[in-house]
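The structure appears below as C-alpha cells.
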Amino acid sequence: MEPEMEATRRRLQLLYESDRLLGLRDWPVGSPGTSTARSTIQQAAGEDAPAMSKKVAKSSPGTPREHVSAPVKRNSADSGLDNRVKLLIEQFPPEIEPPGIDPQGRPDLLVSARYALKGSPVDVVKLKVEALARQFEQVKQCQRCGLYNQGCKQKVFGVGHPDTRIVFVGEAPGADEDRIGYPFMGRAGKLLTAMVEKGMKLRREHVYICNVVKCRPPENRTPTTDEITACQDHLWAQLTVIEPEIIVSLGSPATQTLLSTRDSIGRLRGQFFEIHLSGSDLTGGPVAKCLPTYHPAYLLRNPDDKKKVWEDLKKVIAEMGIPGSA
Ligand code: URA
C-alpha cells in the first residue's frame, strides 16, 4: 500500500478504535457523511484492527528521535468543511478571546500551522472532529463518578486543533473553565497561553488542550484517584483520535495518569517517556512522547521554577523542530 494511503488507513483505524474504547460501535445515524465515514472506517479498520489486550508496563524513558518535518498540505477542499467542523477547529467563539493573547504579538499563523499541525487530508481531519464531537456527547452524559452533580456547571471537554502534533493535559477545570466551558481560561490558562505562544511560538488554537478530569471538583480540590480512574477513558479516547506525537503533561495528576506511575512530578519532569495511546489498561496503538512538566498553577505560586519549565519546553521545541524559539 502507498505510504499516504497506509497513513490514512491507520488514522481511520484509530478512529474506529477510539469508538470501541467508548463502546460506540455504531455511529449515530443522520450526521453528515456518517454512513460513508462509517463504512470507510470499518472497511479501513477491517478485521485486523489491533486486538486490545491487557496492558503491562507502558512508560519507559524515551530516546529522542531525529526530527522528521511534519508534511503540510494546504488542501483546497478546506473551504468545503461544514460549519460544525469549522466551529470545532476554530474553537473559540468570537466573544471569548483565548486568555493572554496579544493580537499584535501572536505567532505567525502559517509558521505555527507548519510546525504544530500534521497536515492530514481534510477528510481525516473531518473524521477526527466528528469523533471528538461524539466523544463530547458521551462526556456530557457521563455519570461515572460523583463530580457531575457536585456543583459543576458543565463538562469541560477540551479545546484546540484535532490534527495537532502536540497536546497539553492538565488536571481538572476550575471556576473560570466551569463557567466558560473551555480548559485553561483563568490565570493558569493565561500562563499556559504564554508558554505556547511566546515560548514555543505556536498559536494556542493549533495545539490541543484538555484535562484528565472533565468536571470541576468542588472548591477546586485535586481530583481523587477514583475520580481520575473513572474519567480517564475519556482522555485516552481523545488522545487516540488526535494521535499527537507529543503530550505535555502538566503537574502530578496528569503525569501520573498518563505514565501509570506514582512517582513525583519533580522526579519525572523534563524527560520524554513513550506511551501507548490506547488507554490505561491496554497495550498497542500508536506511541506518543510524553514530557511531564510543572503545572502553570504551580508556577504562579512558585515563579522561580519557571526556568525549569522553560528548559523542559525547549526540549519539546527541539523535538518538534520548531526553529528560532529556543
Ligand atoms: N487547571 C487545570 O488543570 N485545568 C484547567 O482547565 C484549568 C486550570
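In each ligand, atom 1 is the first atom listed, and ligand 1 is the first ligand listed.
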Atom indices of ligand 1, in the order listed, that fall short of 4.0 Å to a heavy atom of [X]:
X      : answer
Gly170 : 3 (O)
His295 : 1 (N), 2 (C), 3 (O)
Pro183 : 6 (O)
Glu171 : 2 (C), 3 (O)

Run through Lys307, Lys314, Lys315 and flag the one making a salt bridge (charged side-chain N to carboxylate O under 4.0 Å, His left out) with Glu311. Lys314

Would you say Arg269 and Thr293 are linked by a side-chain donor-acceptor pair, where the criterion is simply a distance under 3.5 Å?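 Distance-only check fails for Thr293 and Arg269.
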
Tell me whether Gly189 reaches ligand 1 (any heavy atom closer than 4.0 angstrom to a ligand atom).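 Gly189: no contact with ligand 1 (<4.0 Å).
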
Please confirm whether Met185 approaches ligand 1 to less than 4.0 Å, judged on its heavy atoms. no

Count I, L, V, M, F, W, Y as connected when their side-chain heavy atoms are under 4.5 Å apart, and connections chain through other members. Are Met320 and Leu109 then in the same cluster? no

Is there at least one pair of N or O atoms, one from Ala172 and one from ligand 1, spaced under 3.5 Å apart? yes

Could you list the residues that satisfy salt bridge (charged side-chain N to carboxylate O under 4.0 Å, His left out) with Arg216, not counting sequence neighbours?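 Listed in chain order: nothing, the list is empty.
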
Where does Ala297 meet ligand 1, judged by heavy-atom distances below 4.0 Å: at the side chain, the backbone, both, or neither?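 Ala297 to ligand 1: no contact under 4.0 Å from either part.
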
Given that the side chain starts at C-beta and the backbone is N, CA, C, O, which of these parts of Glu177 lies under 4.0 Å from ligand 1, counting heavy atoms, or is it both or neither? side chain

Measure across His161 and Val125 and return the closest heavy-atom pair with its distance rounded to 0.1 Å.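 For His161 versus Val125, the nearest heavy atoms are CE1-CG1, 4.3 Å.
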
So which heavy atom in the protein is nearest atom 4 (N) of ligand 1, and how far is it from that ligand atom?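 Minimum-distance protein heavy atom for atom 4 (N) of ligand 1 reads Asn211 OD1, 2.7 Å.
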
Under the criterion side chain to side chain contact (heavy atoms under 4.5 Å, CB included), which of Leu277, Leu291, Val316 is the partner of Ile247?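 Output: one option passes, namely Leu277.
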
Hey, what's the ring geometry for Phe157 with Phe136, parallel, tilted or perpendicular (30° and 60° as the breaks)? parallel

